[in-house]
Structures are given as C-alpha cells and as structure tokens.
Amino acid sequence: MVFTVYGEHWRKMRRIMTVPFFTNKVVGQYRFGWEDEAARVVDDVRKDPEAATEGIVLRRRLQLLMYNNMYRIMFDRRFETVDDPLFEKLKALNGERSKLAQSFDYNYGDFIPILRPFLRGYLRICREVKEKRIKLFKDYFVDERKKLASTRAMDNAGLKCAIDHILEAEKKGEINEDNVLYIVENINVAAIETTLWSIEWGLAELVNHPDIQQKLRHELDTILGPGVQVTEPDIQKLPYLQAVVKETLRLRMAIPLLVPHMNLNDAKLGGYDIPAESRILVNAWWLANNPAHWKDPEEFRPERFLEEEAKVEASGNDFRYIPFGVGRRSCPGIILALPILGITIGRLVQNFELSPPPGQSKIDTSEKGGQFSLHILKHSTIVAKPRVV
Ligand code: HEM
C-alpha cells in the first residue's frame with residue numbers, strides 16, 4: 001500500500017488493512033501484548049549486570065520488542081530472544097532492504113536517465129533481496145498460519161489476528177496471494193523501523209537531558225504512584241509523557257520528507273506549473289523546525305507542547321507538524337505508534353535512571369539520513385541503573 005498510486009487499488013488495500021491493523025479495537029486487543037513486551041525488556045535489562053555499570057546497546061533489545069509488538073498483531077507470534085534464529089534471519093533481510101532503500105542510487109537513475117544503465121547491479125540486488133524476503137514471509141509465517149488454520153479454529157475467542165482477516169479477503173477473491181505477502185512486507189517496513197528509530201531517538205534525548213528525564217519520571221511517579229507500571233489507558237493522564245513523544249517526533253522526525261507523493265493532474269502551486277505525475281517531496285522536517293514558525297526549534301523542549309504549542313497534535317491538525325503526514329495518504333499506523341512509544345519510553349524511565357556510559361557526558365546524536373529516514377548514526381551504549389521504588 002505504501003507506494004501504491006492513489007486510486008482504486010490503493011483504496012481497496014487501505015480498506016482491507018484497516019480492520020486488522022488500524023482501529024481502537026486493535027489497540028484494545030494488543031495493548032496488553034505491548035505492555036508485556038515492555039515489561040520483559042525491563043526484566044532483561046535488570047538482569048544484565050553490565051546495564052547498570054558499563055551500559056548496553058539498548059536498541060538491540062528494543063528491536064526485538066518492536067518485532068514482537070507487530071508480529072503479535074500480524075501472526076499472534078513472538079520471538080523469545082534476540083538470538084532466535086528465525087528472528088535473526090528476518091532482521092538481517094529487512095536490514096538489507098533498509099540499506100538499499102536508504103541508498104540514493106536509485107534516484108540518480110530517476111532524475112538523470114543517462115545514468116540508468118549503471119543502476120543495473122543495484123536493481124538486481126534489490127530484486128534478489130525482495131524475493132528472499134517475500135519467500136521468508138510466505139514459508140515461515142503466512143503458510144504456517146494457513147496450516148494452523150486448517151487444523152483448528154483460529155478465532156481465539158473471537159479475536160482473530162491480522163493475517164486471518166487478510167487471508168479471509170484473499171479467500172473472498174478481493175485480493176491475491178501477492179497482495180497478502182506485500183501487506184506483510186509493508187508492515188515490516190512501515191511499522192517496525194519507524195517506531196524503533198523514534199524510541200531510540202526519544203531515549204537518546206532523555207539521556208542527554210537528565211532534567212527532562214527526571215521531570216518525566218516525576219510525572220509518572222506522582223500521577224500513577226511509585227512503582228505502578230504505565231499502561232496504554234494511562235497515557236492520556238500523562239501530558240508530559242505525551243509531550244516528550246511529540247517533541248521527539250518533531251526534532252527527530254523518522255520520515256523527514258514523508259513518502260513521495262504524486263499529483264495525478266497538472267497543477268499550479270505558488271505560481272509554479274507542476275506537470276501531472278511529478279514526484280512531490282514534502283519537507284515535513286523543515287515545517288516542524290523552521291525558526292520562523294517555532295520558538296528555538298533546535299532545542300529539545302517538550303514543554304513547548306504544553307505551552308505555546310499546546311493545541312498541536314501529531315494527527316495533522318497543524319500543517320507545521322506532520323510527522324505522520326496529513327490527509328488521505330497519512331500514516332494509518334499513528335493509532336498504534338503513539339501508544340507503543342508512550343508505553344515503551346514510559347516504562348524505561350519509570351524503572352531506570354538512564355545515562356551516558358562512564359567517562360562520557362552525552363551520547364552521540366549525530367544523524368544519518370536517507371530519503372526515507374532520519375535515524376541515529378551510532379546505536380549508543382546507555383547505562384540503565386535500576387531504580388528502587
Ligand atoms: C513513529 C512511527 C511512525 C512514523 C513516524 C510514521 C510515518 C509515516 C509517514 C510520514 C507516512 C507517509 C505519509 C505521507 O506521505 O503523507 C506513513 C505511511 C504509512 N505508514 Fe507510518 N509511521 C509510523 C508507524 C507506522 C506503523 C506502526 C504502521 C503500521 C502498523 C504504519 C503504517 C503505514 C502505512 C501502511 C503507510 C502508507 C499509507 C498510505 O499510503 O495510504 N506506520 N507513515
């Protein structure tokens with residue numbers, strides 16, 4: 001769906017994906033799973049003596065959390081540890097895809113046709129990686145679920161997982177097997193990495209701003225009570241936690257240019273003629289970081305969302321702030337991403353004092369950007385000292 005041209009096919013895919021992924025019912029059904037995954041991260045980090053002294057690369061464990069959050073929704077499955085061989089295979093292949101997508105190689109060919117012949121090697125690798133990934137999704141996940149479904153009722157007391165809904169649409173002839181596999185593919189790309197980058201950025205900013213981290217911890221302790229673990233419904237009672245998430249998505253916007261759009265018809269914009277079928281990139285990062293429209297935009301200051309920008313939401317009610325896009329092609333995953341970010345960041349701050357490794361006053365927040373992402377350059381080592389509450 002992500003790269004589909006606007007039209008009938010896109011409309012159908014978006015409709016078919018809505019019930020299994022993008023409703024409040026899905027949030028109500030899976031939030032216990034997200035809370036459980038966050039609790040398991042807390043347990044694992046507590047058990048690791050290195051975490052409290054030298055520090056650990058927290059992202060490694062959070063990647064497992066994000067895969068599990070989404071694979072529970074898709075397939076009612078999770079991976080037990082970061083060393084699970086199937087998880088490693090999946091992660092490696094998705095990682096290869098991500099590197100290829102972040103390369104600017106394919107753009108040369110799009111914009112300078114004479115360079116296209118030099119792209120052949122790159123495109124061949126893209127095709128190979130795609131085929132390997134699709135085969136993995138089919139053999140290990142979709143076919144497995146089909147096998148399970150043929151041996152027992154899959155409705156888990158009326159609660160189907162996403163792939164059951166999608167396979168039902170295939171059975172009805174609304175979509176074909178390729179469409180099913182590309183839905184799985186899309187979720188792997190659109191949901192897991194984006195949310196993981198944002199969690200990673202949020203934690204990095206909290207490590208480098210101990211005063212903000214402490215203020216957030218204070219909110220959690222006072223509103224929930226010491227030691228009471230944050231859950232999804234609590235988030236609406238925690239304005240500072242919400243502001244930390246919003247500020248992370250503003251300053252460290254995961255998809256800074258959104259996904260390329262295309263105008264179907266000739267258009268005029270700001271006095272310019274835009275021919276039909278142009279590729280339109282929206283610089284959403286600049287909209288949210290332009291000093292003409294934001295006070296000290298280079299500063300990580302969640303308070304702005306409680307003070308001068310209190311009315312601004314991530315859902316696109318203000319065109320200066322559209323980390324999930326806006327309008328019909330905006331991100332439907334916002335309904336899942338915001339609670340997952342709140343639960344995960346909230347639990348870590350409740351349970352640990354997060355700081356840079358010994359001898360460092362800050363962690364390195366250099367950025368690495370591709371057309372489709374703005375992520376942290378180095379996965380930082382973070383000291384996570386368990387709190388006694
Ligand atoms: C912090 C996390 C996330 C961010 C920042 C994010 C951001 C975005 C952005 C900017 C777009 C393109 C909007 C546009 O071009 O106008 C998009 C599209 C999309 N996102 Fe997300 N996303 C996140 C999480 C998720 C999750 C968790 C899912 C699924 C479970 C998801 C599924 C999708 C899909 C399917 C599209 C394509 C929509 C369409 O073309 O109609 N995203 N996302």
Side-chain angles (χ1 to χ4, degrees), residues 1-23 26-27 29-31 33-34 37 62 65-75 101 161-163 165-166 179 182-203 242 244-263 279-288 313-316 319 321-345 370-376:
M1 172 162 76
V2 183
F3 295 106
T4 304
V5 174
Y6 184 72
E8 267 318 303
H9 178 67
W10 168 81
R11 231 187 310 278
K12 181 169 75 180
M13 295 307 281
R14 183 125 176 172
R15 174 177 56 76
I16 288 171
M17 285 177 76
T18 297
V19 168
F21 289 105
F22 307 125
T23 65
V26 175
V27 176
Q29 184 177 338
Y30 286 99
R31 63 124 171 142
W34 308 334
E37 291 300 333
L62 291 168
L65 164 138
M66 243 351 268
Y67 269 86
N68 283 343
N69 282 346
M70 294 318 301
Y71 273 69
R72 278 179 184 237
I73 300 179
M74 270 196 290
F75 297 109
C161 71
I163 199 71
H165 290 275
I166 308 291
N179 298 144
Y182 278 99
I183 288 175
V184 175
E185 196 276 341
N186 270 201
I187 296 290
N188 272 268
V189 176
I192 295 177
E193 287 196 330
T194 46
T195 316
L196 181 61
W197 291 329
S198 306
I199 297 174
E200 199 179 6
W201 275 126
L203 293 177
Q242 291 177 41
V244 166
V245 168
K246 281 185 183 172
E247 181 68 342
T248 302
L249 295 168
R250 184 193 65 81
L251 186 60
R252 309 296 195 172
M253 199 174 282
I255 314 192
L257 303 181
L258 308 183
V259 174
H261 284 245
M262 189 181 86
N263 52 319
R279 178 184 298 199
I280 314 287
L281 300 181
V282 177
N283 194 340
W285 185 88
W286 178 243
L287 291 174
E313 297 296 339
S315 53
F319 286 160
Y321 183 63
I322 49 169
F324 295 94
V326 62
R328 277 177 269 192
R329 289 309 284 262
S330 69
C331 177
I334 184 175
I335 193 170
L336 315 179
L338 292 179
I340 291 174
L341 282 164
I343 293 166
T344 311
I345 293 175
Q371 173 173 321
F372 291 111
S373 66
L374 179 78
H375 56 255
I376 203 162

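FYI, side chains are in, hydrogens and waters are out, and symmetry mates aren't considered; it's all heavy atoms of this structure. When a ligand or atom number is given, it counts from 1 through the structure's own listing order.
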N/O of [X] under 3.5 Å from N/O of ligand 1, yes or no?
X: Trp10; value: yes
X: Ser198; value: no
X: Thr195; value: no

Taking [atom] as the point of reference, which of [options] owns the nearest heavy atom?
atom: atom 13 (C) of ligand 1; options: Arg14, Arg328, Arg329, Met66; value: Arg329
atom: atom 22 (N) of ligand 1; options: Pro260, Cys331, Ala284, Pro20; value: Cys331
atom: atom 12 (C) of ligand 1; options: Val259, Leu257, Ile199, Leu341; value: Val259

Does NZ or CZ of Arg72 fall inside the cone over Tyr67's six-membered ring, less than 6.0 Å from its centre and within 45° of the axis?
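Because its charged atom misses either the 6.0 Å distance or the 45° angle limit, Arg72 does not stack over Tyr67.
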Do me a favour and list the nearest non-hydrogen protein atom to atom 6 (C) of ligand 1 with residue, atom name and distance?
Phe324 CD2, 3.6 Å
Test of understanding: given a 4.0 Å heavy-atom threshold, classify the contact between Phe21 and ligand 1 as side chain, backbone, both, or neither.
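No part of Phe21 is near ligand 1 at this cut-off.
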Can you tell me which portion of Met253 lies within the under-4.0 Å heavy-atom range of ligand 1? Options are side chain, backbone, both, or neither.
neither
Could a heavy atom of Met13 be found less than 4.0 Å from some atom of ligand 1?
no
Contact between ligand 1 and Phe22 is defined here as a heavy atom of the residue under 4.0 Å from a ligand atom; is it met?
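Yes.
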Please could you name the atoms of ligand 1 that Leu336 approaches to less than 4.0 Å, counting only its heavy atoms?
30 (C)
Considering only heavy atoms from C-beta outward, does the side chain of Phe21 approach that of Ile73 to under 4.5 Å?
yes
